[in-house]
Amino acid sequence: MSAPAPSTLAIVDAEPLPRQEEVLTDAALAFVAELHRQFTPRRNELLARRGERRAEIARTSTLDFLPETAAVRADDSWKVAPAPTALNDRRVEITGPTDRKMTINALNSGAKVWLADFEDASAPTWENVVLGQLNLTDAYERRIDFTDPRSGKSYALKPADELATVVMRPRGWHLEERHLQLDGVSVPGALVDFGLYFFHNAQRLIDLGKGPYFYLPKTESHLEARLWNDIFVFAQEYVGIPQGTVRATVLIETITAAYEMEEILYELRDHAAGLNAGRWDYLFSIVKNFRDGGAKFVLPDRNAVTMTAPFMRAYTELLVRTCHKRGAHAIGGMAAFIPSRRDAEVNKVAFEKVKADKDREANDGFDGSWVAHPDLVPIALASFDAVLGEKPNQKDRLREDVSVAAGDLIAIDTLDAKPTYEGLRNAVAVGIRYIEAWLRGLGAVAIFNLMEDAATAEISRSQIWQWINADVVFENGEHATAALARKVAAEELAAIRTEIGEEAFAAGKWQQAHDLLLQVSLDQDYADFLTLPAYEQLR
């Protein structure tokens with residue numbers, strides 16, 4: 001008797017989309033199904049392990065470098081694979097979702113790399129998941145153009161040698177894709193995003209002189225990096241391309257990963273391209289992991305925690321040293337400012353801050369950095385050009401002067417700043433505005449002249465939660481309480497209603513966003529990710 005044919009992926013509860021058959025081919029879905037069969041059980045084990053580690057941190061209120069991997073850190077002989085030509089110069093990277101207009105603008109921006117984002121800058125509606133894939137393939141085939149229906153302005157790609165190299169970011173391990181199921185079980189969003197993109201584009205990118213390059217988000221341990229490495233090995237063999245063609249840059253945006261940077265590079269060494277230093281998700285991870293740790297772990301307003309804060313400086317300097325010791329790129333943080341078309345003075349002040357930030361990163365040894373808007377590309381380029389000159393990177397700067405102890409990474413109380421009432425108000429205002437847009441399918445949202453993504457909402461709600469649970473007293477004498485958060489949220493909702501008018505308010509998802517922000521900010525049982533309950537409401 002022959003073995004039964006393996007089950008096939010089912011598309012569940014999804015309206016048909018134009019040209020979806022080009023993305024959701026039988027062969028591509030069979031590949032995603034095989035990824036799911038092979039790797040989802042391990043992903044589930046690693047998610048459970050996250051919970052166990054969180055419980056251990058709650059018990060000890062500390063973290064340390066892993067004793068069991070000391071030999072990996074002590075062995076100076078290993079390096080990551082050399083960077084491919086298309087990823088050797090990364091001095092400026094632009095980030096953004098994969099809608100049609102953004103795809104063209106990002107590729108044309110003058111940045112060396114575009115982080116094409118299916119994660120924090122993209123709300124995972126079925127339309128964004130599928131059509132984002134289509135837009136990338138269309139771009140590689142040079143059959144993408146776009147005319148803005150409001151302005152009538154047309155967009156088209158520049159010549160191939162002027163386009164940014166794409167590094168695609170799939171969703172984190174914690175998210176499911178409810179519209180793709182195998183035997184009634186949802187496939188992890190990470191495997192859907194990676195699988196569809198890799199299957200359709202790996203060979204196409206090789207033919208263009210590039211390759212399938214990825215950013216890996218929300219990684220919490222070297223074992224999670226090992227899982228990705230095994231997926232890459234399997235995928236390359238499946239489609240018949242050489243091992244080592246894939247390149248991955250890992251975001252060090254969790255506090256636990258900061259203690260395993262070398263091990264993460266080691267696990268991915270044949271496929272590793274570098275590490276990236278984020279801010280909002282990193283702070284969110286500190287709050288999440290040390291939420292039982294008492295007053296010494298209470299963060300001030302998010303805008304008071306710059307990359308020059310001692311514990312953030314320890315993290316970024318350790319990242320540069322680690323990457324360069326192992327031959328990997330060190331990529332710096334985000335300049336999120338959105339230039340104003342009306343206020344030149346706002347732009348002048350903001351541009352000076354962006355320049356100072358990028359100058360600092362270039363002088364610290366970073367090989368590149370992120371911007372959220374094309375107008376910031378020339379500013380960041382100038383900062384890195386001044387340091388790099390004609391060199392593609394500065395991996396030869398080993399930063400052996402850097403010495404970071406385990407305690408330096410969690411020395412939150414070295415900051416003088418304290419939480420403020422205005423900080424609470426800002427967290428509520430930004431949280432409501434971002435969640436409302438996310439529930440309408442927008443993941444990258446301009447709020448108060450900054451480009452915000454899901455990490456912004458995570459740090460906003462985490463700070464509200466932390467300040468209430470730590471019984472913080474603000475400078476005006478008010479205690480951080482659930483009642484105060486509700487009062488501020490009600491005032492903010494009323495202000496939005498007045499600002500945009502009754503009709504626009506009714507057409508949006510404002511009450512829903514307000515309620516969800518309060519749910520995840522006030523529940524005693526802290527939700528691991530805001531996007532988990534939010535995804536239940538995303539239709």
Side-chain angles (χ1 to χ4, degrees), residues 35 43 86-87 90 92-99 102-103 106-107 109 111-125 128-133 135-137 139-140 164-175 177 188-198 200-202 205 210-220 224-225 227-229 231-232 235 246-254 257 264 268 271-282 284 329 331-334 336 368-372 438 442-444 451-456 458 529 531:
L35 290 174
R43 171 265 201 177
L87 266 188
R90 305 178 63 173
V92 181
E93 303 192 350
I94 194 166
T95 70
T98 55
D99 60 85
M102 179 69 197
T103 296
L107 289 169
S109 65
K112 297 290 186 182
V113 165
W114 170 35
L115 186 161
D117 201 6
F118 286 83
E119 200 232 0
D120 272 4
S122 180
T125 61
N128 288 342
V129 168
V130 175
L131 299 190
Q133 296 277 354
N135 291 336
L136 291 177
T137 301
Y140 301 145
T165 292
V166 173
V167 181
M168 184 273 221
R169 179 162 72 167
R171 278 169 281 182
W173 281 128
H174 58 290
L175 289 165
E177 175 48 67
L191 296 181
V192 173
D193 299 339
F194 165 81
L196 292 175
Y197 180 77
F198 180 89
H200 288 299
N201 297 304
L205 285 160
K210 300 188 176 182
Y213 306 143
F214 298 93
Y215 259 111
L216 305 181
K218 308 283 191 288
T219 301
E220 296 198 14
E224 294 180 19
L227 172 58
W228 270 118
N229 196 74
I231 288 167
F232 297 154
V246 169
R247 283 292 191 280
T249 305
V250 179
L251 294 116
I252 302 298
E253 55 186 354
T254 66
I264 286 167
L268 285 159
H271 300 106
L275 304 176
N276 167 271
R279 182 158 53 137
W280 296 150
D281 262 324
Y282 189 74
F284 154 53
H329 281 79
I331 307 298
M334 170 69 84
S369 188
W370 283 6
V371 299
W438 196 92
L442 300 173
M451 185 60 77
E452 308 288 16
D453 68 9
T456 305
E458 291 287 24
F529 292 95
T531 44

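Index from 1, following the sequence. Just so we're clear, the structure is a prediction, and the values are computed from it rather than from any experiment.
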By salt bridge (charged side-chain N to carboxylate O under 4.0 Å, His left out), Arg43 pairs with (sequence neighbours left out) Glu176
Residues at least two apart in sequence or cross-chain that pass side-chain contact (heavy atoms from CB on, under 4.5 Å) with Ala225, listed by chain then number, are Ile264, Glu267, Leu268
For Lys210, the side chain to side chain donor-acceptor pair (under 3.5 Å) test, sequence neighbours excluded, returns Thr165
Side-chain heavy atoms of Phe529 within contact of Lys218, under 4.5 Å
yes
Sorted by chain and number, sequence neighbours left out, ring-ring contact (aromatic ring centres under 6.0 Å, His included) with His200 holds for none
Next on the checklist: Is the shortest side-chain heavy-atom distance between Phe118 and Leu136 below 4.5 Å?
Outcome noted: yes
Looking only at atom types and distance, does a side-chain atom of Thr249 sit under 3.5 Å from a main-chain N or O of Leu275, one as donor and one as acceptor?
no
Between the CE atom in Met168 and the CZ atom in Phe214, the distance rounded to the nearest 0.5 Å is 6.0 Å
Q. Should Leu196 and Val130 count as side-chain neighbours, where that means a heavy-atom distance under 4.5 Å?
A. no
- Under 4.5 Å between any side-chain heavy atoms of Phe284 and Thr456, yes or no? no
Asp99 meets the side-chain contact (heavy atoms from CB on, under 4.5 Å) criterion, sequence neighbours left out, with Pro97, Lys101, Met102
Sorted by chain and residue number, the side-chain contact (heavy atoms from CB on, under 4.5 Å) partners of Ala455 (sequence neighbours excluded) come out as Asp120, Trp280, Asp281, Asp453
When every non-hydrogen atom of Ile252 is compared with those of Tyr282, the smallest separation belongs to O-CD1, 3.9 Å
Interatomic distance, CZ@Phe194 vs CH2@Trp228, rounded to 0.5 Å, equals 6.0 Å
For Ala164, the side-chain contact (heavy atoms from CB on, under 4.5 Å) test, sequence neighbours excluded, returns Trp114
For Tyr213, the ring-ring contact (aromatic ring centres under 6.0 Å, His included) test, sequence neighbours excluded, returns none
Sorted by chain and residue number, the side chain to side chain donor-acceptor pair (under 3.5 Å) partners of Arg247 (sequence neighbours excluded) come out as none
With sequence neighbours left out, the residues meeting salt bridge (charged side-chain N to carboxylate O under 4.0 Å, His left out) with Arg90 are Glu93
| query | Under 4.5 Å between any side-chain heavy atoms of Val129 and Arg171, yes or no? | reply | yes
Contacts of Glu224 meeting salt bridge (charged side-chain N to carboxylate O under 4.0 Å, His left out) (sequence neighbours excluded), chain-then-number -> Arg50
Rounding to 0.5 Å, atoms OG1 (Thr98) and CG (Asn135) come to a distance of 6.0 Å
Sequence neighbours excluded, the answer for side chain to side chain donor-acceptor pair (under 3.5 Å) partners of Gln133 is none
